[in-house]
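The next block holds one structure in the form of structure tokens; read it before the comments.
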Amino acid sequence: MSQSIAAAADAPRYNFREAEPRWQHAWAERGCFRVADVPTDNKPKYYVLEMFPYPSGNIHIGHMRNYVMGDVVARYKRARGFTVLHPMGWDAFGLPAENAARERGIHPAKWTWDNIAAMRAELQRIGLSLEWEREFATCDPAYYGHQQKLFLDLWRAGLAERKESWVNWDPVDGTVLANEQVIDGRGWRSGAPVERKQLSQWFLKITAYAEELLDALRTLDRWPERVKLMQERWIGRSEGARVQFALAEKVGDIAQVEVYTTRPDTLFGMSFLALAPEHPLSAAVAARDPKAAAFVAECRRMGTSEAVIETAEKQGYDTGVRVRHPFLPNVSFPVWIANFVLMEYGTGAIFGCPGHDQRDVEFARKYGLTVTPVVLPPRADPATFAIDDEAYVGPGTIFNSGFLDGLDVEAAKRAAIAELQRLGMGRGEVNWRLRDWGVSRQRGWGCPIPMIRCAACGMVPVPEDQLPVTLPDDAQFDRPGNPLDHHPTWKHVACPQCGAPAQRETDTFDTFVDSSWYFARFCSPRAAAPVERDAVDHWLPVDQYIGGIEHAILHLLYSRFFVRAMKRTGYLNVEEPFAGLFTQGMVTHESYRSAPGPNGTWLYPDEVVRQPDGNAVHRTTGEPVVIGRVEAMSKSKRNTVAPEPIIARYGADTARCYIMSDNPPDRDMEWTEAGVAGAFRFTQRVFRLIENTGAATSSEGTSDAALALRRVTHRTIAAVTEALDSFAFNVAVARLYELANALSDAERSADAPGLGAARREAAEVLARLIAPMMPHLAEEAYKSLYPGSDRLVAELAWPEADPDLLAADTVTIAVQVMGKLRGTINVPPDAPRDANLAAARADSNVARALEGKRIVKEIYVPNRIVNFVVAG
RNA sequence: GCGGUCGUGGCGGAAUGGUAGACGCGCAAGCUUGAGGUGCUUGUGGGGGUAACCCCGUGGAAGUUCGAGUCUUCUCGACCGCACCA
């Protein structure tokens with residue numbers, strides 16, 4: 001025993017610094033991860049993709065966690081017999097490159113390509129099973145030229161259009177923002193309060209697919225429920241009615257106002273009508289009423305930001321105009337302009353029913369408008385029921401409502417709509433919260449929109465033989481605004497139709513366009529067309545997509561739209577881009593400050609040393625350090641850990657192992673030095689165990705010890721397989737620890753017949769099962785078992801569990817009395833019920849618990865449990 | 001406000017309605033070592049007992065069940081998303 005321990009301690013250490021690059025080289029040389037655009041093998045396909053990175057300059061731990069998860073899946077599926085597509089590229093357009101250009105005078109292209117080179121090298125050191133031959137960057141004309149072609153096809157198909165619209169304007173970035181890019185009324189990047197502004201912009205008609213995008217969510221059974229819910233709410237279907245309200249007298253040439261409502265059943269509870277400040281009638285009133293004009297201007301200045309901050313503060317202006325009630329021609333109501341009415345939703349006008357809408361009651365109470373309840377809650381008394389400051393929005397019976405009286409809410413909705421239709425004053429309507437996708441950006445580092453504005457011909461598409469429209473090499477980024485617009489020559493071209501001097505569109509696409517179809521381009525990245533039909537037909541949809549929850553709405557919804565648009569334009573024929581979606585959690589870390597509160601400066605983890613007592617001090621000064629919260633890694637709090645030094649110190653496999661083993665992949669993971677060290681010990685231990693097994697020999701035959709080890713080995717195969725199938729990477733690693741422990745125990749037991757062979761089998765299985773998580777170590781360990789072989793684990797099939805060895809020779813049955821565990825019995829599997837019950841009763845502890853009691857029922861679950869229900 | 005997720009040892013976490021705490025970290029004792037940020041052994045939910053064992057225990061309360069961490073209802077707490085959507 002002591003001899004083998006000594007041997008273990010003296011065994012050479014696994015030299016990952018030498019081994020990891022060597023195996024990476026071997027995989028590349030063999031082309032282990034290369035597949036054809038249109039494979040001719042008969043193996044099933046599997047497309048695994050991680051959300052491609054923005055080339056910011058460095059790979060961070062969050063990236064690494066993302067790509068390692070994808071790599072585990074890719075390597076596992078490959079071993080399971082799939083032909084696996086696993087590409088990587090760069091989401092390379094974006095603002096940081098322009099900022100670098102502005103601040104440091106580097107051209108965005110150089111900055112971006114330099115970052116890509118650095119990050120590619122970092123990724124390669126992780127040992128990911130990526131097919132680098134497919135790599136591309138979206139800032140390459142070889143990519144974005146195809147995007148321009150796609151856009152022109154969408155435009156011809158009526159899925160792209162130019163329209164005047166109210167936009168969210170970021171005054172700091174000087175650009176338009178999509179609704180999705182406005183967070184709490186502020187620009188998602190600049191953080192500046194967003195203003196309302198009317199501009200002519202390019203839009204992609206995602207609303208044309210609103211219903212389909214919503215309905216198809218039901219088919220995405222391998223998507224997280226919460227992502228689907230977020231999309232469902234974002235698309236925002238509502239059923240209601242469009243109602244026309246005639247003005248008592250015309251304002252300008254406006255004679256009526258249209259309203260959208262989900263509560264036509266409460267029309268008799270109306271007490272006012274409210275308009276959005278941007279509504280045409282508001283403008284018409286403002287044109288003749290300076291006070292109204294001032295109110296409208298005030299609303300616009302507040303933009304969306306103030307409105308959010310002062311959610312409770314509703315403000316309105318009584319225009320003096322009145323509208324007639326559709327069902328009560330002799331009754332009219334005041335028309336207000338109100339800051340809480342949104343022009344973008346519905347018709348930009350609402351009818352106010354304070355009794356049954358919380359916003360309306362707040363508005364009515366503030367301005368002294370009438371409140372008439374029309375829905376009577378169950379068991380309420382119609383004579384006394386009243387609304388104070390709380391609207392009643394529950395179910396009930398309609399009253400105070402003429403022909404609707406006595407109906408329940410749903411029946412009244414139908415009846416009201418029918419009556420509106422009969423009167424020609426309205427109709428039922430489905431409304432959507434989703435708006436069209438504004439894709440124009442006033443930026444110089446993005447894909448040019450391939451359109452030309454001609455004074456005579458209007459908007460003219462760039463002829464396809466002139467694609468790609470490339471960015472100028474000499475754009476100047478040293479002043480605010482759009483560099484393409486400033487450029488002396490770039491935008492000046494002849495109109496393709498009439499030849500007259502014309503101007504290019506100087507806006508570029510929202511970068512979300514770039515990432516909305518890259519997964520399709522990966523199928524045939526060098527094709528002369530945007531995609532090669534055979535390739536996308538073969539590979540799409542992506543079988544497993546992995547990325548951050550922050551893209552739950554924007555990127556995923558846009559991609560879902562793009563697949564539909566590309567299907568309509570004949571590029572592909574799938575319904576959805578991503579059949580399976582997995583959203584991984586963030587990587588967090590403790591934060592450190594030199595002193596409590598605002599006096600303390602943030603310290604990097606490298607500067608801090610933890611003391612045995614749990615306190616921390618500064619590495620060089622020895623000053624005490626304040627340990628702060630565990631939170632998302634961020635540059636400002638300096639609580640970041642870079643993969644590079646970790647890999648240099650412990651090796652890629654150790655980092656990979658730690659990342660996968662620490663906790664479930666969809667939860668946030670706290671990065672700790674102790675955790676990495678633990679994983680490092682495991683990698684070294686696995687190597688030593690397998691190395692030591694290489695020479696193990698023993699007598700022929702078999703023994704209990706050998707059989708036991710073989711059982712553990714095969715159970716581990718089954719358990720790891722199941723864990724990997726269900727994304728339970730942490731459980732998979734735990735099972736590998738168990739196998740390593742069993743192998744370690746066997747190493748120390750006396751030689752028994754067949755044990756040497758069982759150890760070799762366990763060692764080989766261990767080497768192959770760790771491969772998805774720790775691929776370099778797997779190769780090195782396998783090589784030590786088969787020194788003469790040139791097979792790579794990366795090319796081997798997944799081990800198969802032997803069913804005979806999965807079946808136990810004895811099972812442990814728990815014996816309960818009244819549901820409480822009183823003992824266990826070890827019996828042969830599938831033993832007869834009576835024998836097991838007898839054995840259970842015979843257990844001394846069980847017998848004691850049963851003493852003096854009468855058994856009234858015996859619960860028996862074969863191979864699992866016995867439960868005696870007793871009385872007395 | 002609306003919607004959702006999650007509450008299990010000191011910590012990360014396991015657990016098809018069937019032996020709660022696998023596996024790891026940490027900790028403790030011991031062995032190895034010139035040394036230990038090494039290797040190894042044993043122990044480690046709480047309480048009681050020399051022990052065999054017993055009692056308690058998955059945020060809280062109730063329910064369904066022979067049996068609940070798991071299912072149902074309510075409740076408390078943490079986190080996330082959306083938010084004047086008519």
Side-chain angles (χ1 to χ4, degrees), chain A residues 1-2 4-6 8-11 13 184 224-227 229-230 232-234 236 238 240 259-263 266 274 276 304 307-308 310-314 338-342 344-353 357-360 362-363 431-434 549-550 552-553 614 658 661-664 666-670 672-675 677-682 684-685 688 719 722-723 728 730-738 740-741 744 748 812-824 844-845 848-849 856-861 863-870:
Chain A
M1 176 170 152
S2 57
S4 60
I5 292 172
D10 293 343
R13 294 197 133 204
D184 288 343
E225 213 51 46
R226 67 170 174 151
V227 172
L229 276 161
M230 283 162 78
E232 185 180 325
R233 288 172 72 93
W234 190 262
S238 75
V259 154
Y260 176 75
T261 178
T262 54
R263 296 298 301 273
T266 63
T304 39
V308 169
E310 298 189 61
T311 296
E313 199 47 51
K314 301 201 171 359
N339 65 342
F340 67 90
V341 182
L342 306 175
E344 299 90 344
Y345 188 80
T347 61
I350 62 161
F351 87 83
C353 176
D357 183 288
Q358 191 54 37
R359 287 164 323 193
D360 294 349
E362 286 169 24
F363 192 77
N431 217 326
W432 304 88
R433 185 182 176 278
L434 185 70
I549 187 72
E550 68 274 18
I553 297 175
Y658 172 50
S661 67
D662 190 58
N663 68 348
D666 55 341
R667 294 198 205 164
D668 288 354
M669 163 188 185
E670 188 193 345
T672 65
E673 192 69 16
F680 181 71
R681 282 198 295 274
F682 181 60
Q684 292 295 343
R685 189 166 154 244
R688 258 196 320 271
E722 192 190 326
N730 56 325
V731 180
V733 176
R735 297 294 167 250
L736 292 170
Y737 269 95
E738 286 177 327
N741 290 346
S744 184
R748 283 179 290 106
T812 303
I813 294 180
V815 183
Q816 301 178 337
V817 177
M818 293 299 279
K820 280 187 186 297
L821 183 74
R822 292 301 175 207
T824 58
S844 61
N845 210 43
R848 186 141 36 89
V856 296
K857 198 170 177 185
E858 292 166 334
I859 308 289
Y860 177 69
V861 182
N863 299 329
R864 279 198 176 274
I865 203 153
V866 171
N867 187 13
F868 295 109
V869 185
V870 297

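Numbered from 1 within each chain, the chains take letters A, B, ... in sequence-line order.
- Taking A/Tyr737 as the reference, nothing meets the side chain to side chain donor-acceptor pair (under 3.5 Å) condition, with sequence neighbours excluded.
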Please tabulate, one pair per line, each protein N/O and nucleotide N/O from nucleotides 4-13 of chain B that are separated by under 3.5 Å, including the distance.
residue, atom, partner, partner atom, Å
B/G12, O2', A/Asp662, O, 2.7
B/G13, O3', A/Asn730, ND2, 3.3

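- Remark: A/Glu722 engages no residue in a side-chain contact (heavy atoms from CB on, under 4.5 Å) (not counting sequence neighbours).
- The residue A/Val259 sits apart from the nucleic acid: no heavy atom pair falls under 4.0 Å.
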Quiz item: What string of B, S and - do you get for nucleotides 60-66 of chain B 5' to 3' if you count protein non-hydrogen atoms under 4.0 Å?
Solution: ------B
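- Taking atom C1' in both B/G45 and B/G21, one finds a spacing of 8 Å when rounded to whole Å.
- A/Arg359 is linked by a salt bridge (Lys or Arg N to Asp or Glu O under 4.0 Å) to A/Asp357, counting only residues two or more places apart in sequence or in another chain.
- The base-pairing partner of B/U33, taking Watson-Crick or G-U wobble contacts with both distances under 3.5 Å, does not exist among the strands shown.
- Nearest-nucleotide positions on RNA chain B for A/Arg359 and A/Ala677 put A/Ala677 closer to the 5' end.
- Residues that satisfy the side chain to side chain donor-acceptor pair (under 3.5 Å) test with A/Glu738, not counting sequence neighbours, are A/Arg735.
- A search for salt bridge (Lys or Arg N to Asp or Glu O under 4.0 Å) contacts involving A/Glu673 returns A/Arg649, not counting sequence neighbours.
- With both ends at atom C1', the span from B/G18 to B/A68 equals 10 Å, rounded to whole Å.
- In a base pair of the Watson-Crick type (N1 to N3 plus N6-O4 or O6-N4) or a G-U wobble (N1-O2 and O6-N3), with each distance short of 3.5 Å, B/C66 is matched with B/G18.
- Within the structure, every side-chain polar atom (N or O) of A/Asn863 is placed at least 4.0 Å from both OP1 and OP2 of B/G18.
- Separation of the C1' atoms belonging to B/A51 and B/U5 is 47 Å when rounded to the nearest angstrom.
- Rounding to the nearest 0.5 Å gives a distance of 11.0 Å between CZ of A/Arg433 and CD of A/Glu344.
- Taking the side-chain contact (heavy atoms from CB on, under 4.5 Å) definition, one finds that A/Asn663 meets it with A/Arg65, A/Arg667, A/Met669, sequence neighbours left out.
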Close N or O pairs between protein and nucleotides 23-25 of chain B (under 3.5 Å):
residue, atom, partner, partner atom, Å
B/G24, OP1, A/Asn741, ND2, 3.2
B/C25, OP1, A/Arg681, NH2, 3.4

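- Remark: B/G77 base-pairs with B/C6; criterion is Watson-Crick or G-U wobble with both hydrogen-bond distances under 3.5 Å.
- Figure legend. B/G45 is base-paired to B/C56; pairs are counted as Watson-Crick or G-U wobble with both atom distances under 3.5 Å.
- Spacing between B/U65 and B/A15 at atom P, rounded to whole Å, works out to 28 Å.
- Contact annotation for A/Asn845: backbone-only contact, meaning every heavy-atom pair under 4.0 Å involves sugar-phosphate atoms and none involves a base.
- Taking the centre and axis of the six-membered ring of A/Phe340, the NZ or CZ atom of A/Lys314 falls inside the cone set by 45° and 6.0 Å.
- Within a 6.0 Å radius of CZ in A/Arg226, no more than 12 heavy atoms belonging to other residues, nucleotides or ligands are found.
- A gap of 13 Å separates the P atoms of B/A22 and B/A14, to the nearest Å.
- Across the interface with RNA chain B, nearest-nucleotide mapping of A/Ile549 and A/Tyr260 shows A/Ile549 to be the residue nearer the 5′ end.
- Across A/Ile859 and A/Val869, no two heavy atoms sit closer than the pair CG1-CG2, 4.4 Å.
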Anything under 3.5 Å between a protein N or O and an N or O of nucleotides 55-58 of chain B, put it in a table, one pair a line.
residue, atom, partner, partner atom, Å
B/C55, OP1, A/Arg822, NH2, 3.0
B/C55, OP2, A/Arg822, NH1, 3.0
B/C56, OP2, A/Lys820, NZ, 3.2

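- Annotation: salt bridge (Lys or Arg N to Asp or Glu O under 4.0 Å) contacts of A/Arg263 (sequence neighbours excluded): A/Asp265.
- Here, B/U44 and B/C53 have their P atoms 15 Å apart, quoted to the whole Å.
- Shown here, B/G9 is classed syn by the O4'-C1'-N9-C4 or O4'-C1'-N1-C2 angle, which is within 90° of 0.
- Here, B/G9 and B/U70 have their P atoms 15 Å apart, quoted to the whole Å.
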What N/O pairs connect the protein and nucleotides 46-50 of chain B at under 3.5 Å? Give each pair on its own line.
none

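- For the C1' atoms, the distance linking B/G59 with B/G43 amounts to 30 Å, nearest Å.
- At least one side-chain heavy atom of A/Tyr260 sits under 4.5 Å from a side-chain heavy atom of A/Ser238.
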